[in-house]
Amino acid sequence: MDSFIIAALALCSLTAPAFGDKGTGKARSCSDIRQFYSGKGFSLDGVPQSEISGEHLRICAQGYTCCTSDVEDNLAMLSRREMEGLLREAGRSLQTSLNGHYKAFDSYFIELLNRSAVILQETFTSTWGITYLQNSQVFTDLYTELSQYYRGSNVNLEEVLNEFWAKLLEKLFYQANKQYFISEDYLECVSKQIDTLRPFGDTPRLMKTTVTRRFVAARSFVQGLVVSGEVVRKVSQVQLSQECMKAMMRMTYCPHCRGMASARPCANYCSNVMKGCLANQADLNTEWKHLAETMIQVADLFDGPSGVDSVILSLPYRISEGIVTMSENLQSINSKLFQACGVPREGGTGSTGVDDMKKGKVIVEDKLGSSSSKMDKLVSDVTMNLRELQPYWVSLPSVLCSDRVATGTGAEDKCWNGMSRARYLPEVIGDGLASQINNPEVEIDITKPDMTIRQQIMQLKIMTHRLKNALNGQDVDFQDTSDDVSGSGSGSCPDGGSCSRSPGLIVPATDQPIIYQYPPENEKVKASANQNLPCITIYLLSLLILLLRR
């Protein structure tokens, strides 16, 4: 009997649960987490002074803990708010960078247009005097239309340039033939002969080629900066899922509940949590890279001898060249116009203005100055930044983990793996939603992508398509770009034709997703609790037998 009692007592001492990680038999104090919890702005009402049994926990492991259900819920919501705050902050930083490039390019482009207009006004006034002033509206309208086109207005650039030369022909013909009475109908007939007569030589064609190509590129480029910034803003505001919140809680604050406040996550563990939480964001990667690469190609059109600054500042020279060509061939042009439209009757408002037109070519000073180097700098800065930003969406997990994971010698064996301080065994999974089917940390339905992010992927596709058109000098229309994608994810195609929806995700054929899980902690807790009852009974019986023997 004595041997039985001794064996029973020894067995119970081995199976009896230990309080806390050290197994001291005494519940640990909760002073550390109470201080931490209060420092986060929460009330200490209901927070225990020492550890309690953790069967109530729904996110953290159900061992002995200092966290009540309310504490766990509050810390879980806090972890999500903090994570969403970090994503918004990262997004704001990227938006600031893109907006800075936009402002720098935009202000310089407008500066170039204004300088070009001033150069034209100053040189034309000094050369042609009253003749220019009486017809200055034609030139003012041209610069206004060019500016509006660049700003995104629904303006057909080729029509603007064609109309400019047609109006200029009317004005110069009228100026050179003041001795005649010339009606509006007659001038309309004159402008219709411009393609046949080519009064300005090859200048209109050359100017149209260079101006159209550079303005289309500039407009699409700044629009690309705007669209990419908007994509970042909208994606950075996407709320994290409930499953992500739980995973963030397990990684960030469950160590506090277990009395391991100093424990930092294992590197691979953090990567899996972040990749699961940001799976939809990672799917932006392909189209984001395509957009950046295409914008870099478009930016290459801005510098060099035929870059944007050279084209804009040479407008006065080109226009002057065309006017001189007409003045040198005015007699032949008049003869052909009289033949096509009839000879106007005499009795105009004054003498011929031929002499005014033959004052010679406008000498446009080379006022490019430091513009070329400034454009080189703008292009260099933006292309370098665009290259750096290409992996932004897939690099977010590593960026967010960089300052929170365990480091140093032996860190991988003593880091927090979601359950305790130990090595993290699962492999790091891939990027994107489809790769999350085997994520051991975040449970995700890969068949239900986030629609806000899918819409932004479509926006990137549309913008890249427009930029590629711009590379070929094809005009693009940016009206209502924010509405290109409807709430359902469908949108109008850039080329006006029918377009298919983006291909659906192909889900691997499997009966059930393979999820690597740790043993359920709650089963351990329940088992230990049930094992306590027999041990207590044995203790009492053994003591009773010993007393009776006396």
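On a predicted model such as this, the values are computed, not experimentally measured, just so you know.
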For [Y], does its backbone N or O pair with a side-chain atom of [X] as donor and acceptor, under 3.5 Å?
X: Arg213; Y: Lys208; answer: no
X: Ser228; Y: Gly224; answer: yes
X: Asp450; Y: Thr452; answer: yes
X: Glu72; Y: Ile59; answer: yes
X: Asn99; Y: Gln95; answer: no
X: Ser93; Y: Glu89; answer: no
X: Glu84; Y: Leu240; answer: yes
X: Ser271; Y: Ala267; answer: yes
X: Ser236; Y: Arg233; answer: no
X: Arg258; Y: Ser420; answer: no

Do [X] and [Y] have side chains that get closer than 4.5 Å, going by heavy atoms?
X: Met249; Y: Met77; result: no
X: Lys275; Y: Cys401; result: no
X: Glu51; Y: Cys66; result: yes
X: Leu396; Y: Leu87; result: yes
X: Val71; Y: Thr65; result: no
X: Arg58; Y: Asp73; result: yes
X: Tyr64; Y: Ser53; result: yes
X: Gln281; Y: Trp288; result: no

| What do the steps show when you test Lys246 against Glu243 for salt bridge (charged side-chain N to carboxylate O under 4.0 Å, His left out), and what is the final call? | CA-CA 5 Å; Lys246 293 176 183 178; Glu243 292 305 322; 3.7 Å; yes
| task | Please identify each residue that fulfils side chain to side chain contact (heavy atoms under 4.5 Å, CB included) with Lys40, with sequence neighbours left out. | result | Phe36, Phe42, Leu78, Glu82, Tyr253
Can you tell me how far [atom2] of [Y] sits from [atom1] of [X], rounded to the nearest 0.5 angstrom?
X: Phe105; Y: Leu225; atom1: CZ; atom2: CG; value: 8.5 Å
X: Glu441; Y: Asn272; atom1: CD; atom2: CG; value: 6.0 Å
X: Tyr108; Y: Leu113; atom1: OH; atom2: CG; value: 11.0 Å
X: His101; Y: Leu378; atom1: NE2; atom2: CG; value: 9.5 Å
X: His290; Y: Gln390; atom1: NE2; atom2: CD; value: 9.5 Å
X: Arg219; Y: Leu146; atom1: CZ; atom2: CG; value: 11.5 Å

| task | Kindly determine whether Leu315 and Leu142 satisfy side chain to side chain contact (heavy atoms under 4.5 Å, CB included), including the steps that lead there. | result | CA-CA 10 Å; Leu315 284 175; Leu142 172 64; 5.6 Å; no
| request: Please lay out, stage by stage, how Gln297 and Leu467 fare under the test side chain to side chain contact (heavy atoms under 4.5 Å, CB included). | output: CA-CA 9 Å; Gln297 293 175 24; Leu467 283 161; over 6 Å; no
| Test of ring centre spacing under 6.0 Å for Tyr143 and Phe164 | no
Heavy atoms only: give me the nearest [X]-[Y] pair and the separation to one decimal.
X: Asp431; Y: Ser435; answer: O-OG, 3.0 Å
X: Ala279; Y: Gln436; answer: CB-CG, 3.4 Å
X: Asn280; Y: Pro449; answer: OD1-CA, 3.5 Å
X: Pro265; Y: Met251; answer: CG-CG, 3.6 Å
X: Leu57; Y: Thr68; answer: CD2-O, 4.3 Å
X: Cys270; Y: Arg404; answer: SG-CD, 3.8 Å

| Gln35 atom CD, over 12 foreign heavy atoms within 6.0 Å | no
| message | Taking CD in Gln148 as the centre, count heavy atoms belonging to other residues, nucleotides or ligands within less than 6.0 Å. Is the count above 12? | response | yes
| Taking the six-membered ring for Trp, are Phe109 and Tyr150 parallel (under 30°), tilted (30 to 60°) or perpendicular (over 60°)? | parallel
| note | Sorted by chain and residue number, the side chain to side chain donor-acceptor pair (under 3.5 Å) partners of Arg151 (sequence neighbours excluded) come out as Asp106
| request: Report the C-alpha distance between Phe221 and Met295 in whole Å, list the side-chain angles of each, state the deciding distance to 0.1 Å, and finish with yes or no for side chain to side chain contact (heavy atoms under 4.5 Å, CB included). | output: CA-CA 6 Å; Phe221 181 75; Met295 287 183 68; 3.9 Å; yes
| field | Worked verdict on Leu98 versus Leu389 for side chain to side chain contact (heavy atoms under 4.5 Å, CB included) | value | CA-CA 10 Å; Leu98 293 169; Leu389 294 175; 4.1 Å; yes
| Can you tell me if the gamma sulfurs of Cys257 and Cys67 fall under 2.5 Å? | yes
| Does the side-chain hydrogen bond (donor to acceptor under 3.5 Å, both in side chains) test come out yes or no for Arg80 and Gln242, once each step is laid out? | CA-CA 9 Å; Arg80 177 161 71 177; Gln242 286 291 110; 3.1 Å; yes
